Amino acid sequence: MNEHAASPGWQSFAAPRGLWSRLRELAARDTNVVIVSVILNNLLRAVSGMVLTRLLVPEVFGISGVIASVQFTVALATDLGFQAFVVRQENGEDKRFLDTVWTVSLIRSLLLALTLVVLALPLSHAFGKPDLAPLIAASGLTFVIEGLTSTSLLTALRHRQILRLSALELAAMVAQIAASAALAWAWGSYWAILGGLFVSGLLKVLFSYTLFADSRRRLRLDPQTLKALWAFSRYVTGSSIIFLLISQCDKFVLAKLMPLDRFGFYILAGNLASAPLGFAANYASRVLYPTYAQLWRDGAQDLRRQFYEKRRLPALLYGFATGGIIGSAPLIVGVLYDDRYADAAGYLQILCLSSLLALPSNAANEALTATGRIRATLEASVVKLVWLSGAGFAGYLLWGQLGLVLAVGLMEAPALVMKWVRLRFAGLLDMREELLFLAAGLAGTGCGFIGTRVLVPFLT
């Protein structure tokens with residue numbers, strides 16, 4: 001028998017090696033990479049907010065919100081679904097195929113930049129803020145930079161290189177924050193935020209050509225690829241337009257109705273309220289959906305119990321944490337920002353209501369989709385659109401701008417109710433589990449409220 005193998009010293013050395021191997025394997029799993037990257041992303045956004053709000057006035061964030069909405073609108077209205085197209089196509093590795101996708105993407109980006117230049121003046125007057133015209137026009141450069149990015153970022157996702165992509169995105173965000181902070185200290189205007197976006201975009205372009213194999217592209221338009229892209233993208237564009245109406249109509253209306261400083265509070269609150277949504281979306285689509293689909297394919301018994309069992313603990317923790325944000329919104333805003341931004345707390349509490357309901361809503365959507373009821377996504381979008389049209393108009397008539405914000409914050413509620421009805425007819429609804437989640441949210445809200453009442457006196 002080998003004496004070294006039997007000795008305690010050798011065993012104590014081998015065990016840590018096995019432990020480290022298991023830890024590396026655990027850290028590299030796609031689910032864990034997504035969770036960690038979402039956490040780090042939110043932490044970096046918080047740091048960015050803390051720094052920039054101390055260097056810039058609230059009006060700058062109102063300007064940022066207006067321009068971001070304009071960019072998002074023109075981009076989503078022309079969304080061709082390049083990522084999904086490359087990932088799912090059988091010939092997604094073919095050079096002619098990738099060259100064509102890159103060429104179409106570049107042409108689209110150039111047209112979007114030109115569109116912002118042409119529309120800058122009329123849009124700024126439509127918002128009642130003509131001084132924004134040069135900024136809107138200059139922001140089109142971000143599309144040009146994006147169009148130059150190699151398709152290697154799409155093929156990397158196809159190969160499930162999630163860790164490398166996440167690291168790239170985090171590095172670009174760190175560079176953006178550093179550049180924006182330095183420019184904000186030097187200039188003290190919105191150009192600092194735009195400059196940070198340019199730096200981040202250029203860094204992504206550099207990474208896309210240096211960190212991945214076969215990243216060089218050339219101008220090419222292959223007829224077969226163009227035909228396949230059109231057949232795929234016409235459906236993507238339709239659904240994107242509905243999502244566009246839901247996600248941006250509040251910002252366009254409020255940008256018109258609010259002074260820039262008040263709109264800046266709304267944008268900052270929306271950024272904070274979106275922090276939990278990264279987990280809700282990724283957990284539902286990348287963890288719950290594959291599991292639900294496998295259970296359905298395997299013909300598992302008692303699907304309702306297994307569906308809720310899979311999501312129970314993460315959902316309860318999410319509900320408690322998001323409720324805690326609602327209850328402690330004044331404390332969060334007070335810690336992150338200075339006194340000028342205190343009014344953002346009220347908007348944060350309202351907008352986080354939608355964030356709270358996002359996880360059970362997304363989970364229900366994935367359960368319905370996995371069992372073949374794919375219309376649920378479209379139906380939910382229609383319900384949200386109808387709610388925003390009716391409740392938003394009524395809320396504005398009754399309570400003005402606050403009424404419209406309330407309609408936005410409650411937008412997820414009617415969609416969730418609709419999905420509960422669909423789950424009920426599918427035999428998948430367990431109302432006790434749904435109420436348990438809501439109770440966790442209420443408990444978190446209560447704890448956040450009490451904690452705020454206790455801690456705020458020590459911070460003032």
Side-chain angles (χ1 to χ4, degrees), residues 238-239 242-243 245-247 276-277 279-323 326 350-392 394-395 406-445:
S239 61
I242 295 177
F243 177 74
L245 292 172
I246 295 170
S247 62
L277 294 179
F279 175 79
N282 288 312
Y283 178 71
S285 63
R286 300 184 182 185
V287 178
L288 293 181
Y289 179 71
T291 302
Y292 289 170
Q294 185 66 50
L295 290 170
W296 175 255
R297 289 195 302 267
D298 293 344
Q301 299 298 315
D302 194 8
L303 286 174
R304 178 175 64 180
R305 179 186 63 80
Q306 295 197 55
F307 281 175
Y308 282 100
E309 191 175 83
K310 177 64 180 177
R311 78 169 223 195
R312 184 179 298 124
L313 181 58
L316 291 177
L317 293 174
Y318 177 91
F320 185 83
T322 309
I326 296 173
I350 295 172
L351 296 177
C352 257
L353 294 173
S354 185
S355 301
L356 174 66
L357 300 178
L359 184 58
S361 182
N362 290 353
N365 191 80
E366 302 302 354
L368 291 167
T369 302
T371 55
R373 298 164 176 85
I374 57 177
R375 292 186 303 173
T377 302
L378 178 60
E379 290 172 351
S381 297
V382 172
V383 167
K384 289 180 182 179
L385 189 58
V386 171
W387 167 264
L388 278 179
S389 302
L406 282 169
V408 174
L410 294 172
M411 176 175 57
E412 198 66 52
L416 179 58
V417 171
M418 183 277 295
K419 291 173 186 178
W420 281 348
V421 173
R422 292 294 305 273
L423 287 172
R424 175 69 179 83
F425 282 112
L428 299 174
L429 178 65
D430 188 335
M431 204 61 209
R432 290 174 299 180
E433 292 279 355
E434 301 290 349
L435 292 176
L436 182 62
F437 172 84
L438 295 178
L442 287 173
T445 302

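Computed from a prediction, not measured in an experiment: that's the story for all the values here.
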Enter the distance from Trp296:CH2 to Thr369:OG1 here, rounded to the nearest 0.5 Å. 12.5 Å
CG (Leu410) and CH2 (Trp387) are apart, to the nearest 0.5 Å, by 5.5 Å
Does anything in residues 408-419 pair up under salt bridge (charged side-chain N to carboxylate O under 4.0 Å, His left out), and if so which pairs, sequence neighbours excluded? Lys384-Glu412
Can you list every salt bridge (charged side-chain N to carboxylate O under 4.0 Å, His left out) pair that touches residues 309-322, not counting sequence neighbours? Arg305-Glu309, Arg311-Glu434, Arg312-Glu433
Residue list, ring-ring contact (aromatic ring centres under 6.0 Å, His included) with Phe437, at least two apart or on another chain: none
Return a table of donor-acceptor pairs under 3.5 angstrom between the side chains of residues 422-429 and protein atoms on other chains or two or more places apart.
residue: Arg422; atom: NH1; partner: Glu379; partner atom: OE1; Å: 2.5
residue: Arg422; atom: NH1; partner: Glu379; partner atom: OE2; Å: 3.2

Closest non-hydrogen contact found for Leu288 with Ala363 is CD1-CB, 3.7 Å
Closest heavy-atom pair, Ala358 versus Ala280, reported as atoms and distance to 0.1 Å, is CB-CB, 4.2 Å
Those residues at least two apart in sequence (or on a different chain) that pass side-chain hydrogen bond (donor to acceptor under 3.5 Å, both in side chains) with Asn365 are Thr377
Under the side-chain hydrogen bond (donor to acceptor under 3.5 Å, both in side chains) rule, collect the residues that match up with Gln306, sequence neighbours excluded. none
Sequence-distant partners of Ser389, side-chain contact (heavy atoms from CB on, under 4.5 Å), two or more places apart: none
Could you tell me which residues satisfy side-chain contact (heavy atoms from CB on, under 4.5 Å) with Leu416, sequence neighbours excluded, listed by chain and number? Leu357, Pro360, Ser361, Trp420
Under the 3.5 angstrom rule, does the side chain of Tyr292 hit a backbone N or O of Thr371 as a donor-acceptor pair? no
Evaluate the side-chain proximity of Asn362 to Tyr283: yes if any heavy-atom separation is below 4.5 Å, no if none is. no
All N/O donor-acceptor pairs, side-chain side in residues 313-322, below 3.5 Å, sequence neighbours left out:
residue: Tyr318; atom: OH; partner: Ser355; partner atom: O; Å: 2.6
residue: Thr322; atom: OG1; partner: Tyr318; partner atom: O; Å: 2.8

